[in-house]
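In what follows, a single structure is set out as structure tokens and then discussed.
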Protein chains: 2
Amino acid sequence: MASQSIRPATGDGSNGAAESASSAVFTPLYKQIKRLVIDDLDRGAWKPGELIPSEQELAVRFQVSQGTVRKAIDELSAENLLTRRQGKGTFVATHDEPRAQFRFLRIVPDEGEPAPAQNRFLDCRRVRATADVARVLDLKTGDTVIFVRRLLMFGAAPLVLDDIWLPGALFKGLTAERLGQHHGSMYALFESQFGTRMIRADERLRARAANAVAAKALQVEIGAPLLLVERVSFTYGERPVELRLGLCRTEQHHYRNTLT
Amino acid sequence: MASQSIRPATGDGSNGAAESASSAVFTPLYKQIKRLVIDDLDRGAWKPGELIPSEQELAVRFQVSQGTVRKAIDELSAENLLTRRQGKGTFVATHDEPRAQFRFLRIVPDEGEPAPAQNRFLDCRRVRATADVARVLDLKTGDTVIFVRRLLMFGAAPLVLDDIWLPGALFKGLTAERLGQHHGSMYALFESQFGTRMIRADERLRARAANAVAAKALQVEIGAPLLLVERVSFTYGERPVELRLGLCRTEQHHYRNTLT
DNA sequence: TAGTGGTCTAGACCACATA
DNA sequence: ATGTGGTCTAGACCACTAG
């Protein structure tokens, strides 16, 4: 199965693949393997947290050497789609593992260790997508989307007010109750209960004065400076699946980032 | 040269290195090679932009296979310390190449392409390090540091006000004049004229109300919300070499980030 | 044509986890 | 003992650059 233009095992070291006619662009074998594995992940052949076949098994399946499979998995591992565990095998990455806990939560306290935050869900309902929301989520204006308003608390102190929009088709049955019952990050719930895994996000950060709604929720004065985080999250295939606008107090916390 | 605990070319596939006594921790050969190359970069054996020896030559020098050198260089390339160019060779990365131009400049316009920004240097002088500055830069309180105040302009509009502190010992002779004469990024000047290359930076972002100084420089009202970016930059060996506090207007621009 | 990095293979052995 | 990923080698050929 799943062996499109992969080379037919010639035995020499040449690349007998990715060549159909004349002006075909050169695509390395391991990139093709990578693509096939991503497609399998996308269609849910293996669920988050599950063990995928061994390198040797994939090598046989795809009719390439183990080293070529290895290079493909190396990249998928670097992109946080897969997780390697020596002696055990290779697993589909998940938002549950503590290692990935703060990958999508960049707000941390100025002093001390990042403490676990509590969610308070202020709203959760089905609405019609505005033109803006529809454009970002690649939907049509008026399509059903789920709107969630969440207050993130660090202890007793309100820290972030998030407005979140999700495609209704992917998140049927999402309610404030289910959100409240779940323990762990929202993305962990999304992947385990709705089969949608967030693998990348683009963010835009700005400073913005608190409006009335934000001021009340975050317990600051109207006009107080807040950090606005606009996030679009993507699943496999660069498909956008979440729009999130977060307003954050930054007197005792900050958004951390590393430039490399 | 430079062949410490590297294996003495046994010919089999085993790892004859990194083993001195009994409870020695295992360190892969390619990690050792990587370390040696970084040390060479640190001591300036090859300057930014220069060609380093070929993989084959390094393999002979270090008495390992080309594949092992390759893996070391792969990682250094992924960390932006080296740049590979097929057919040409491997080069020391530099802040001049347009590819790396926006690696340390995350402020971009909401609409349209990132336009080149102009610098206006408001101040540049030698001062004594305060306790805070000394701690961050790993100096002693009272040590000489260079203080630079810069206004970053997008066209005629002031965008970012940066206060920058640099270790005096590393940047002797840095003046507003030399800063003004140089075309290109500050980091490009630092690496070409002072031999200090920034390879990583940690940032903390907050929202903050404009004070009198910032309001005047950025042409906003006092109290207007600004994005505060606190940056500590590092050179080889995790040595801090720059503290930067930037205040940024974000009505028409934003700080972009990608979570992966 | 020669030299560089890029890909691919085959096989060996090491480190780690589990039974 | 077995199976997994992790490292290392040796050698071949491909893609790209430049003299």
Side-chain angles (χ1 to χ4, degrees), chain A residues 5-19 23-35 37 46 50-60 62-78 82-93, chain B residues 5-19 22-35 37 50-60 62-78 82-93:
Chain A
S5 63
I6 301 296
R7 65 184 288 266
T10 57
D12 62 7
S14 74
N15 173 26
E19 190 73 31
S23 67
V25 290
F26 170 68
T27 305
L29 258 182
Y30 76 88
K31 291 282 189 189
Q32 301 180 42
I33 306 294
K34 189 182 168 188
R35 176 82 270 148
V37 173
W46 316 296
E50 275 185 14
L51 181 68
I52 76 168
S54 71
E55 293 177 352
Q56 184 52 49
E57 189 175 335
L58 290 175
V60 171
F62 294 137
Q63 290 288 289
V64 299
S65 77
Q66 181 176 354
T68 299
V69 170
R70 183 163 188 77
K71 181 144 187 174
I73 293 182
D74 275 346
E75 291 202 356
L76 292 169
S77 181
L82 296 176
T83 301
R84 325 188 76 140
R85 291 181 207 152
Q86 189 174 13
K88 292 182 161 183
T90 303
F91 300 78
V92 182
Chain B
S5 64
I6 301 296
R7 66 184 287 267
T10 58
D12 62 6
S14 75
N15 172 26
E19 191 71 32
S22 53
S23 66
V25 292
F26 169 68
T27 305
L29 259 183
Y30 76 88
K31 291 282 189 189
Q32 301 180 41
I33 306 294
K34 189 182 168 188
R35 176 81 270 148
V37 173
E50 275 185 15
L51 180 69
I52 76 168
S54 72
E55 294 178 352
Q56 183 52 49
E57 188 175 335
L58 290 175
V60 171
F62 294 137
Q63 290 288 288
V64 298
S65 78
Q66 181 177 355
T68 298
V69 169
R70 183 163 188 78
K71 182 144 186 174
I73 293 182
D74 275 345
E75 290 203 358
L76 292 168
S77 182
L82 297 176
T83 301
R84 325 187 76 139
R85 292 182 206 152
Q86 189 175 13
K88 292 181 159 183
T90 302
F91 300 77
V92 181

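Just so it is clear, the model here is predicted, and its values are computed rather than measured. Each chain gets a letter, A, B and so on, in the order its sequence line appears, and its residues count up from 1.
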Could you please name the option among C:dT9, D:dT9, C:dG5 that lies closest to any side-chain atom of A:L29?
C:dT9

Looking at A:S65, I'd like to know whether one of its side-chain N or O atoms comes within less than 4.0 Å of OP1 or OP2 on C:dA10.
no

With rounding to the nearest 0.5 Å, note down the distance linking OG1 in B:T83 to CD1 in B:I73.
11.5 Å

Look up atom OG1 in A:T68 and atom CD1 in A:I33, then write down how far apart they are to the nearest 0.5 Å.
7.0 Å

Taking NZ from A:K31 and P from D:dA15, how many angstroms apart are they, rounded to a whole number?
16 Å

Out of D:dA15, C:dT9, C:dG6, minimum distance to the side chain of A:F26 belongs to D:dA15

Measure the distance from CG on A:L51 to C1' on C:dT18 and round it to the nearest whole Å.
13 Å

For DNA chain D, stems built from three or more consecutive Watson-Crick or G-U wobble pairs below 3.5 Å:
C:1-18 with D:1-18

Below 4.0 Å: OP1/OP2 of C:dC8 and any side-chain N or O of A:Y30
no

Send over the distance from B:F62 CZ to D:dT9 P, rounded to a whole Å.
13 Å

Is the shortest side-chain N/O distance from A:T90 to OP1 or OP2 of D:dT4 below 4.0 Å?
no

So if I take every side-chain heavy atom of A:P28 and compare against C:dT9, C:dT7, D:dT7, which nucleotide ends up nearest?
C:dT7

Under the side chain to side chain donor-acceptor pair (under 3.5 Å) test, which residues partner A:K31, sequence neighbours left out?
A:E75

Just so I know, are the side chains of B:V37 and B:F62 near enough to count as touching, which here means a heavy-atom distance under 4.5 Å?
yes

Find every protein N or O atom lying less than 3.5 Å from an N or O atom of nucleotides 17-19 of chain D, and list the pairs.
| from | atom 1 | to | atom 2 | distance (Å) |
| --- | --- | --- | --- | --- |
| D:dA18 | OP1 | B:K88 | NZ | 3.4 |

Send over the distance from A:L82 CG to D:dT4 P, rounded to a whole Å.
16 Å

Nearest-angstrom distance from the residue atom NZ of A:K71 to P of D:dT7
15 Å

Can you list, by residue number, the residues of residues 52-60 of chain A that have a non-hydrogen atom closer than 4.0 angstrom to DNA chain C?
none

Whole angstrom is fine here: how far is it from CZ in B:R70 over to P in D:dG6?
19 Å

Output the single nucleotide from C:dT7, C:dC8, D:dG5 whose closest atom is nearest the side chain of A:R84.
D:dG5

Quick one: side chains of residues 53-60 of chain B, donor-acceptor pairs under 3.5 Å with protein atoms, not counting sequence neighbours, listed by atom name and distance.
| from | atom 1 | to | atom 2 | distance (Å) |
| --- | --- | --- | --- | --- |
| B:S54 | OG | B:E57 | N | 3.2 |
| B:E55 | OE1 | B:Q66 | NE2 | 3.0 |
| B:E55 | OE1 | B:R70 | NH1 | 3.3 |
| B:E55 | OE2 | B:R70 | NH1 | 2.6 |
| B:E55 | OE2 | B:R84 | NH2 | 2.1 |

Specify the separation, in whole Å, of atom CD of A:Q32 and atom P of C:dT7.
12 Å

Provide the closest heavy-atom pair for A:L51 versus A:G89 in the form atom of the first, atom of the second, distance.
CD1-CA, 3.8 Å

Just jot down the side chain to side chain donor-acceptor pair (under 3.5 Å) partners of A:T90, sequence neighbours excluded, or say none.
none

From CD of B:Q66 across to C1' of C:dT9 the rounded distance in Å is 15 Å

